[in-house]
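Keep in mind that the numbers below use all heavy atoms, side chains included, and drop hydrogens, waters and symmetry copies.
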Amino acid sequence: MSVPAISKESWPCHVSPADVHVVTAGGHSIPAHSRVLAAASPVLENMISGQTIKILGAPYDAVLEFVRFLNAGEARRPPLEATEAMNLYGVQLLALAHAYRVGWLKRLCEAAVGGRVGSDDVVEVMKLAQLCDAPQLRRRCLAVAAKDFTALQRTEGWRFVQNHDPRLELEILQFMAERDQRRKRWRRERMDQEVFLQLSEAMECLEHICTEGCTVVGPHDGEPPSRNRGPCTSFRTCETLQLLIKHFARCGKKFAGGGGCVQCKRMWQLFRLHSSICDRESCKVPLCRQFKVRAPEIGKEKGDDATWRLLVRKVILARVMSSLAARKTPEQLIKAWERYRRKN
(Lines give C-alpha, C1' and ligand atoms only; values in the text may rest on other atoms or scores of the structure.)
Protein backbone atom coordinates (compact mmCIF):
# COMPACT_ATOMS: atom_id res chain seq x y z
CA MET A 1 0.00 0.00 0.00
CA SER A 2 1.35 3.45 -0.91
CA VAL A 3 0.31 6.87 0.28
CA PRO A 4 0.56 10.20 -1.54
CA ALA A 5 3.84 12.05 -1.18
CA ILE A 6 4.04 14.54 1.66
CA SER A 7 3.02 17.98 0.43
CA LYS A 8 5.79 20.19 -0.89
CA GLU A 9 4.63 23.10 1.28
CA SER A 10 6.27 21.40 4.27
CA TRP A 11 9.59 20.82 2.47
CA PRO A 12 12.48 23.24 2.45
CA CYS A 13 12.44 25.23 -0.77
CA HIS A 14 15.58 23.51 -2.14
CA VAL A 15 14.34 19.90 -1.66
CA SER A 16 13.41 17.93 -4.77
CA PRO A 17 10.58 15.31 -4.92
CA ALA A 18 10.76 12.04 -2.98
CA ASP A 19 13.52 9.64 -4.05
CA VAL A 20 13.22 6.97 -1.35
CA HIS A 21 10.43 5.01 0.33
CA VAL A 22 10.18 4.13 4.02
CA VAL A 23 8.69 0.65 4.37
CA THR A 24 6.80 -0.05 7.62
CA ALA A 25 5.24 -3.12 9.21
CA GLY A 26 2.65 -4.71 6.93
CA GLY A 27 4.42 -3.54 3.80
CA HIS A 28 3.14 0.05 3.87
CA SER A 29 5.30 2.57 2.02
CA ILE A 30 5.90 6.25 2.83
CA PRO A 31 7.55 8.51 0.22
CA ALA A 32 10.44 10.56 1.61
CA HIS A 33 13.61 12.31 0.58
CA SER A 34 16.97 10.75 1.33
CA ARG A 35 18.76 14.06 1.94
CA VAL A 36 16.20 15.08 4.56
CA LEU A 37 16.38 11.73 6.35
CA ALA A 38 20.19 11.67 6.24
CA ALA A 39 20.44 15.20 7.62
CA ALA A 40 17.99 14.44 10.45
CA SER A 41 19.33 11.05 11.60
CA PRO A 42 22.82 9.54 11.40
CA VAL A 43 21.27 6.09 11.73
CA LEU A 44 19.01 6.61 8.74
CA GLU A 45 21.95 8.08 6.83
CA ASN A 46 23.82 4.79 7.23
CA MET A 47 20.71 2.83 6.18
CA ILE A 48 20.28 4.65 2.87
CA SER A 49 21.77 2.38 0.23
CA GLY A 50 18.89 1.94 -2.20
CA GLN A 51 15.39 3.23 -2.76
CA THR A 52 13.82 1.66 0.35
CA ILE A 53 14.41 1.98 4.09
CA LYS A 54 12.75 -0.39 6.52
CA ILE A 55 11.42 1.01 9.83
CA LEU A 56 9.71 -1.89 11.57
CA GLY A 57 8.43 -2.41 15.09
CA ALA A 58 6.11 0.61 15.14
CA PRO A 59 2.60 1.23 13.73
CA TYR A 60 2.37 2.70 10.26
CA ASP A 61 0.68 5.89 11.49
CA ALA A 62 3.44 6.48 14.07
CA VAL A 63 6.17 6.03 11.43
CA LEU A 64 4.28 8.36 9.11
CA GLU A 65 4.25 11.06 11.81
CA PHE A 66 7.94 10.37 12.46
CA VAL A 67 8.78 10.99 8.80
CA ARG A 68 6.64 14.13 8.79
CA PHE A 69 8.56 15.47 11.79
CA LEU A 70 11.88 14.77 10.10
CA ASN A 71 10.67 16.36 6.88
CA ALA A 72 9.42 19.50 8.63
CA GLY A 73 12.52 19.93 10.79
CA GLU A 74 12.90 21.09 14.36
CA ALA A 75 10.75 24.23 14.20
CA ARG A 76 8.79 24.10 10.93
CA ARG A 77 5.77 21.93 11.80
CA PRO A 78 2.60 23.83 12.86
CA PRO A 79 2.20 23.67 16.68
CA LEU A 80 -1.38 22.39 16.60
CA GLU A 81 -0.49 19.61 14.17
CA ALA A 82 2.59 18.64 16.20
CA THR A 83 0.58 18.58 19.45
CA GLU A 84 -2.06 16.32 17.92
CA ALA A 85 0.62 13.92 16.68
CA MET A 86 2.23 13.84 20.14
CA ASN A 87 -1.11 13.14 21.80
CA LEU A 88 -1.71 10.15 19.51
CA TYR A 89 1.77 8.69 19.06
CA GLY A 90 4.03 10.32 21.65
CA VAL A 91 5.29 7.05 23.11
CA GLN A 92 6.03 5.50 19.70
CA LEU A 93 7.69 8.71 18.49
CA LEU A 94 9.91 8.75 21.56
CA ALA A 95 11.05 5.19 20.85
CA LEU A 96 11.71 6.02 17.20
CA ALA A 97 13.55 9.25 18.01
CA HIS A 98 15.78 7.36 20.44
CA ALA A 99 16.41 4.45 18.07
CA TYR A 100 17.30 6.72 15.14
CA ARG A 101 19.15 9.33 17.26
CA VAL A 102 17.02 12.39 16.52
CA GLY A 103 17.87 14.45 19.59
CA TRP A 104 15.54 17.42 19.16
CA LEU A 105 12.54 15.16 18.50
CA LYS A 106 13.42 12.98 21.49
CA ARG A 107 13.43 16.03 23.78
CA LEU A 108 10.09 17.12 22.34
CA CYS A 109 8.61 13.66 22.94
CA GLU A 110 9.96 13.53 26.50
CA ALA A 111 8.19 16.78 27.35
CA ALA A 112 4.95 15.72 25.63
CA VAL A 113 4.77 12.26 27.21
CA GLY A 114 5.82 13.61 30.61
CA GLY A 115 3.08 16.21 30.51
CA ARG A 116 0.38 13.56 30.11
CA VAL A 117 1.68 10.77 32.35
CA GLY A 118 -0.54 9.81 35.28
CA SER A 119 -0.50 7.33 38.13
CA ASP A 120 -2.28 4.71 36.01
CA ASP A 121 0.49 4.47 33.39
CA VAL A 122 3.51 5.89 35.22
CA VAL A 123 5.19 2.49 35.66
CA GLU A 124 5.00 1.70 31.94
CA VAL A 125 6.32 5.14 31.02
CA MET A 126 9.17 4.78 33.53
CA LYS A 127 10.23 1.53 31.88
CA LEU A 128 10.08 3.25 28.48
CA ALA A 129 12.18 6.12 29.82
CA GLN A 130 14.75 3.63 31.06
CA LEU A 131 14.91 1.85 27.70
CA CYS A 132 15.12 5.13 25.77
CA ASP A 133 17.65 6.74 28.11
CA ALA A 134 15.30 9.64 28.88
CA PRO A 135 16.33 10.99 32.31
CA GLN A 136 14.06 14.02 32.17
CA LEU A 137 11.01 11.81 31.57
CA ARG A 138 12.15 9.42 34.30
CA ARG A 139 12.38 12.24 36.86
CA ARG A 140 8.93 13.41 35.83
CA CYS A 141 7.55 9.88 36.36
CA LEU A 142 9.15 9.66 39.79
CA ALA A 143 7.52 12.96 40.76
CA VAL A 144 4.11 11.74 39.54
CA ALA A 145 4.49 8.45 41.42
CA ALA A 146 5.44 10.20 44.65
CA LYS A 147 2.69 12.80 44.35
CA ASP A 148 -0.15 10.24 44.38
CA PHE A 149 1.41 7.08 45.72
CA THR A 150 -1.92 5.84 47.08
CA ALA A 151 -3.40 5.80 43.57
CA LEU A 152 -0.24 4.17 42.21
CA GLN A 153 -0.54 1.30 44.69
CA ARG A 154 -3.94 0.39 43.24
CA THR A 155 -2.61 -0.09 39.70
CA GLU A 156 -1.61 -3.32 37.98
CA GLY A 157 1.70 -1.72 37.05
CA TRP A 158 2.69 -1.27 40.70
CA ARG A 159 1.73 -4.87 41.55
CA PHE A 160 3.87 -6.03 38.65
CA VAL A 161 6.81 -3.96 39.93
CA GLN A 162 6.46 -5.43 43.42
CA ASN A 163 6.49 -8.97 42.04
CA HIS A 164 9.05 -8.70 39.23
CA ASP A 165 11.11 -5.47 39.48
CA PRO A 166 12.42 -4.84 43.03
CA ARG A 167 15.03 -2.41 41.72
CA LEU A 168 12.39 -0.06 40.30
CA GLU A 169 10.29 -0.41 43.45
CA LEU A 170 13.31 0.55 45.57
CA GLU A 171 14.07 3.52 43.31
CA ILE A 172 10.52 4.91 43.71
CA LEU A 173 10.53 4.40 47.50
CA GLN A 174 13.98 6.01 47.81
CA PHE A 175 12.85 8.99 45.75
CA MET A 176 9.84 9.44 48.04
CA ALA A 177 12.03 9.23 51.17
CA GLU A 178 14.51 11.77 49.75
CA ARG A 179 11.65 14.07 48.75
CA ASP A 180 10.26 13.97 52.31
CA GLN A 181 13.72 14.73 53.70
CA ARG A 182 14.13 17.67 51.32
CA ARG A 183 10.75 19.06 52.35
CA LYS A 184 11.65 18.78 56.04
CA ARG A 185 14.98 20.49 55.39
CA TRP A 186 13.28 23.27 53.42
CA ARG A 187 10.76 23.80 56.25
CA ARG A 188 13.58 24.01 58.80
CA GLU A 189 15.47 26.46 56.61
CA ARG A 190 12.36 28.61 56.18
CA MET A 191 11.77 28.61 59.94
CA ASP A 192 15.42 29.52 60.57
CA GLN A 193 15.21 32.28 57.98
CA GLU A 194 12.11 33.67 59.67
CA VAL A 195 13.99 33.76 62.98
CA PHE A 196 16.91 35.62 61.39
CA LEU A 197 14.49 38.09 59.79
CA GLN A 198 12.84 38.70 63.17
CA LEU A 199 16.24 39.30 64.78
CA SER A 200 17.17 41.67 61.95
CA GLU A 201 13.94 43.58 62.48
CA ALA A 202 14.58 43.63 66.24
CA MET A 203 17.98 45.24 65.60
CA GLU A 204 16.40 47.97 63.47
CA CYS A 205 13.68 48.45 66.07
CA LEU A 206 16.26 48.75 68.86
CA GLU A 207 18.08 51.49 66.94
CA HIS A 208 14.74 53.19 66.28
CA ILE A 209 13.82 53.20 70.00
CA CYS A 210 17.24 54.31 71.24
CA THR A 211 17.70 56.96 68.55
CA GLU A 212 14.24 58.41 67.86
CA GLY A 213 12.22 57.16 70.77
CA CYS A 214 8.79 55.57 70.62
CA THR A 215 5.61 55.30 72.68
CA VAL A 216 7.01 54.57 76.17
CA VAL A 217 10.81 54.43 75.72
CA GLY A 218 13.13 57.04 74.26
CA PRO A 219 16.86 57.92 74.03
CA HIS A 220 18.55 58.63 77.32
CA ASP A 221 19.68 62.12 76.19
CA GLY A 222 16.42 63.14 74.51
CA GLU A 223 12.99 64.31 75.53
CA PRO A 224 10.73 61.77 77.24
CA PRO A 225 8.13 60.12 74.98
CA SER A 226 4.74 61.79 74.71
CA ARG A 227 1.92 59.93 76.47
CA ASN A 228 -0.48 61.01 73.74
CA ARG A 229 1.52 59.22 71.09
CA GLY A 230 -0.30 56.31 69.44
CA PRO A 231 1.02 52.75 69.12
CA CYS A 232 4.07 52.23 66.87
CA THR A 233 3.31 50.87 63.41
CA SER A 234 6.87 50.85 62.08
CA PHE A 235 7.90 47.49 63.56
CA ARG A 236 5.98 44.42 64.66
CA THR A 237 8.26 43.89 67.65
CA CYS A 238 8.39 47.50 68.85
CA GLU A 239 5.92 47.24 71.74
CA THR A 240 7.40 43.98 73.02
CA LEU A 241 10.94 45.34 72.80
CA GLN A 242 9.99 48.49 74.69
CA LEU A 243 8.55 46.38 77.51
CA LEU A 244 11.78 44.37 77.62
CA ILE A 245 13.86 47.56 77.81
CA LYS A 246 11.69 48.93 80.64
CA HIS A 247 12.01 45.68 82.55
CA PHE A 248 15.79 45.59 81.98
CA ALA A 249 16.15 49.14 83.29
CA ARG A 250 14.29 48.35 86.51
CA CYS A 251 15.25 44.76 87.21
CA GLY A 252 17.78 44.31 90.02
CA LYS A 253 18.79 40.83 88.85
CA LYS A 254 20.37 41.84 85.56
CA PHE A 255 23.89 41.94 87.04
CA ALA A 256 23.43 38.67 88.90
CA GLY A 257 25.27 35.53 87.85
CA GLY A 258 24.14 34.09 84.53
CA GLY A 259 22.69 37.38 83.28
CA GLY A 260 19.68 37.65 85.58
CA CYS A 261 16.10 36.65 84.78
CA VAL A 262 14.83 35.35 81.43
CA GLN A 263 13.82 38.81 80.17
CA CYS A 264 17.17 40.32 81.16
CA LYS A 265 19.07 37.47 79.42
CA ARG A 266 17.16 38.22 76.23
CA MET A 267 18.02 41.89 76.49
CA TRP A 268 21.72 41.16 77.09
CA GLN A 269 21.72 38.98 73.95
CA LEU A 270 20.00 41.68 71.88
CA PHE A 271 22.49 44.32 73.03
CA ARG A 272 25.38 41.99 72.22
CA LEU A 273 23.94 41.15 68.79
CA HIS A 274 23.46 44.82 67.99
CA SER A 275 27.04 45.55 68.96
CA SER A 276 28.27 42.74 66.70
CA ILE A 277 26.58 44.16 63.59
CA CYS A 278 26.81 47.88 64.37
CA ASP A 279 29.45 49.77 62.38
CA ARG A 280 28.82 53.28 63.70
CA GLU A 281 31.45 55.31 65.48
CA SER A 282 28.89 56.93 67.76
CA CYS A 283 25.87 54.79 68.67
CA LYS A 284 23.04 55.62 71.06
CA VAL A 285 22.15 52.01 71.78
CA PRO A 286 23.22 51.21 75.38
CA LEU A 287 26.31 49.03 75.93
CA CYS A 288 27.20 49.03 72.23
CA ARG A 289 30.77 50.22 72.73
CA GLN A 290 31.31 48.11 75.84
CA PHE A 291 30.34 44.93 74.01
CA LYS A 292 32.62 45.79 71.09
CA VAL A 293 35.60 46.22 73.42
CA ARG A 294 34.89 43.01 75.29
CA ALA A 295 33.73 40.91 72.31
CA PRO A 296 36.75 38.48 72.23
CA GLU A 297 36.67 38.08 76.00
CA ILE A 298 32.91 37.40 76.06
CA GLY A 299 33.24 34.83 73.28
CA LYS A 300 35.91 32.94 75.25
CA GLU A 301 33.92 33.13 78.48
CA LYS A 302 30.75 31.76 76.92
CA GLY A 303 32.54 29.32 74.60
CA ASP A 304 30.26 30.27 71.69
CA ASP A 305 32.56 32.41 69.58
CA ALA A 306 32.18 30.40 66.33
CA THR A 307 28.43 29.90 66.81
CA TRP A 308 27.96 33.58 67.59
CA ARG A 309 29.87 34.69 64.49
CA LEU A 310 27.67 32.41 62.38
CA LEU A 311 24.53 33.93 63.94
CA VAL A 312 25.80 37.43 63.21
CA ARG A 313 26.48 36.54 59.56
CA LYS A 314 23.00 35.04 59.20
CA VAL A 315 21.32 38.12 60.66
CA ILE A 316 23.35 40.46 58.44
CA LEU A 317 22.47 38.35 55.40
CA ALA A 318 18.78 38.42 56.36
CA ARG A 319 18.94 42.20 56.66
CA VAL A 320 20.56 42.54 53.23
CA MET A 321 18.07 40.17 51.58
CA SER A 322 15.15 41.96 53.21
CA SER A 323 16.48 45.28 51.94
CA LEU A 324 16.87 43.92 48.41
CA ALA A 325 13.38 42.40 48.46
CA ALA A 326 11.91 45.75 49.47
CA ARG A 327 13.45 47.53 46.47
CA LYS A 328 11.26 48.23 43.48
CA THR A 329 12.36 46.27 40.43
CA PRO A 330 13.32 48.60 37.55
CA GLU A 331 10.86 48.56 34.67
CA GLN A 332 13.61 47.72 32.15
CA LEU A 333 14.58 44.63 34.18
CA ILE A 334 10.93 43.48 34.30
CA LYS A 335 10.63 43.82 30.51
CA ALA A 336 13.91 41.95 29.97
CA TRP A 337 12.71 39.12 32.21
CA GLU A 338 9.42 38.89 30.30
CA ARG A 339 11.31 38.68 27.00
CA TYR A 340 13.48 35.92 28.40
CA ARG A 341 10.46 33.93 29.59
CA ARG A 342 8.76 34.22 26.19
CA LYS A 343 11.88 32.91 24.44
CA ASN A 344 12.21 29.96 26.84
Side-chain angles (χ1 to χ4, degrees), residues 187-326:
R187 282 196 292 267
R188 285 197 305 268
E189 290 176 355
R190 284 198 298 267
M191 292 173 62
D192 292 344
Q193 188 63 25
E194 180 62 26
V195 171
F196 297 138
L197 285 172
Q198 290 176 359
L199 287 173
S200 174
E201 183 180 346
M203 295 299 97
E204 295 182 22
C205 184
L206 184 61
E207 294 178 12
H208 153 70
I209 293 172
C210 297
T211 304
E212 305 168 7
C214 202
T215 52
V216 295
V217 179
H220 65 89
D221 57 352
E223 296 182 359
S226 173
R227 293 187 177 182
N228 298 326
R229 191 170 179 176
C232 178
T233 57
S234 302
F235 301 94
R236 295 175 296 175
T237 57
C238 192
E239 184 177 358
T240 303
L241 191 53
Q242 288 183 80
L243 294 176
L244 277 176
I245 293 174
K246 287 185 65 176
H247 169 84
F248 183 83
R250 297 172 181 173
C251 184
K253 299 179 182 179
K254 60 177 173 286
F255 295 114
C261 63
V262 175
Q263 290 87 344
C264 289
K265 287 179 181 178
R266 290 179 183 173
M267 213 55 238
W268 282 117
Q269 290 174 340
L270 290 175
F271 283 138
R272 182 187 175 191
L273 182 58
H274 163 80
S275 173
S276 299
I277 65 177
C278 179
D279 56 357
R280 297 178 181 176
E281 291 291 336
S282 177
C283 181
K284 290 189 176 183
V285 177
L287 305 175
C288 180
R289 184 171 181 78
Q290 290 88 330
F291 270 114
K292 285 181 179 178
V293 173
R294 296 193 58 219
E297 181 183 346
I298 295 173
K300 290 180 181 179
E301 289 177 358
K302 294 183 175 293
D304 63 349
D305 194 39
T307 305
W308 186 261
R309 287 199 301 268
L310 178 61
L311 172 64
V312 171
R313 286 199 298 269
K314 295 285 188 179
V315 173
I316 293 175
L317 179 61
R319 172 179 285 190
V320 172
M321 297 303 293
S322 177
S323 175
L324 291 175

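- For Ser276 (side chain) and Val312 (main-chain N/O), no donor-acceptor pair under 3.5 Å exists by modelled atom type.
- Looking only at side-chain heavy atoms (C-beta outward), Trp268 and Leu287 come within less than 4.5 Å of each other.
- Among all heavy-atom pairs drawn from Ile245 and Met267, the shortest one is CG1-CE, 3.8 Å.
- Closest non-hydrogen pair, Cys205 versus Cys238, comes out as SG-CA, 3.3 Å.
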### Message
Walk me through whether Arg319 and Ile316 qualify under side chain to side chain contact (heavy atoms under 4.5 Å, CB included).
### Response
CA-CA 5 Å; Arg319 172 179 285 190; Ile316 293 175; 5.6 Å; no
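- Between the side chain of Thr211 and the backbone N or O of Glu207, at least one donor-acceptor pair lies under 3.5 Å.
- The backbone N or O of Cys278 sits less than 3.5 Å from a side-chain atom of Lys292, completing a donor-acceptor pair.
- Here the shortest heavy-atom pairing between Phe196 and Leu311 reads CE2-CD1, 3.7 Å.
- Although no hydrogens or angles enter the test, the distance criterion places a donor-acceptor pair under 3.5 Å between the side chain of Lys254 and the main chain of Cys251.
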### Task
Apply side chain to side chain contact (heavy atoms under 4.5 Å, CB included) to Leu317 and Met321, showing your working.
CA-CA 6 Å; Leu317 179 61; Met321 297 303 293; 4.1 Å; yes
### Task
Go through the steps to decide whether Leu273 and Met203 satisfy the test side chain to side chain contact (heavy atoms under 4.5 Å, CB included), and finish with yes or no.
CA-CA 8 Å; Leu273 182 58; Met203 295 299 97; 3.8 Å; yes
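- Looking at heavy atoms from C-beta onward, His247 lies in side-chain contact with Cys261 at the 4.5 angstrom threshold.
- Between Phe248 and Phe271, the ring planes lie perpendicular to each other; the angle is over 60°, past the 30° to 60° tilted range.
- Annotation: side chain of Cys288 is in contact with side chain of His274 (closest heavy-atom distance under 4.5 Å).
- For the pair Glu212 and Lys284, the salt-bridge criterion is not met [side-chain N within less than 4.0 Å of a carboxylate O].
- Under the 3.5 Å distance criterion, the side-chain polar atoms of Gln242 are matched with a main-chain donor or acceptor of Val217.
- A donor-acceptor pair is defined here as one N or O able to donate and one able to accept, closer than 3.5 Å; such a pair exists between the side chain of Glu201 and the backbone of Arg236.
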### Query
Is there a side chain to side chain contact (heavy atoms under 4.5 Å, CB included) between Leu197 and Val315 once you walk through the steps?
CA-CA 7 Å; Leu197 285 172; Val315 173; over 6 Å; no
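- Both tests pass for Arg272 against the ring of Trp308: distance under 6.0 Å to the centre and angle within 45° of the axis.
- Nearest approach of Leu241 to Leu206, heavy atoms of both residues: CD2-N, 3.7 Å.
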